[in-house]
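What follows is a short report on a single structure.
On a predicted model such as this, the values are computed, not experimentally measured, just so you know. Values reported hereafter were calculated over all heavy atoms of this structure, with side chains retained and with hydrogens, waters and symmetry mates removed.
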Amino acid sequence: MSISNQASGLHQQAASDHEAAAKHHLSASESHNKNNVSEAKESAKKAMEACNAAQKKTETACSTTAK
């Protein structure tokens, strides 16, 4: 696999994780609007996990591109 193809795949994975995090953030927001704190906390936890995964993949993707 070429560096370009590898970098493209890494950026795609990072984008997918960022999209997942955004969905969880929106879910947390909706739960807060419904005064459902327990669901908001669960969505926030999932958002944080997705953000952490996205950040790691972003760093890898960007460093691969910078080579």
Let me see the working for S43 and K23 under side chain to side chain contact (heavy atoms under 4.5 Å, CB included), right down to the final yes or no. CA-CA 9 Å; S43 292; K23 288 177 184 177; over 6 Å; no
Notebook entry, point to check: Hey, does H25 have a side-chain heavy atom less than 4.5 Å from the side chain of C51?
Noted result: yes
Under 4.5 Å between any side-chain heavy atoms of T58 and H18, yes or no? yes
Closest non-hydrogen contact found for S31 with A40 is CB-N, 3.5 Å
Closest heavy-atom pair, A54 versus A14, reported as atoms and distance to 0.1 Å, is CB-O, 4.1 Å
[atom1] of [X] to [atom2] of [Y]: how many Å apart, nearest 0.5 Å?
X	Y	atom1	atom2	answer
K34	E39	NZ	CD	7.5 Å
K46	S27	NZ	OG	7.5 Å
K57	T64	NZ	OG1	13.0 Å

When you measure from the side chain of T65 to the backbone N and O of A61, does any donor-acceptor pair fall under 3.5 Å? yes
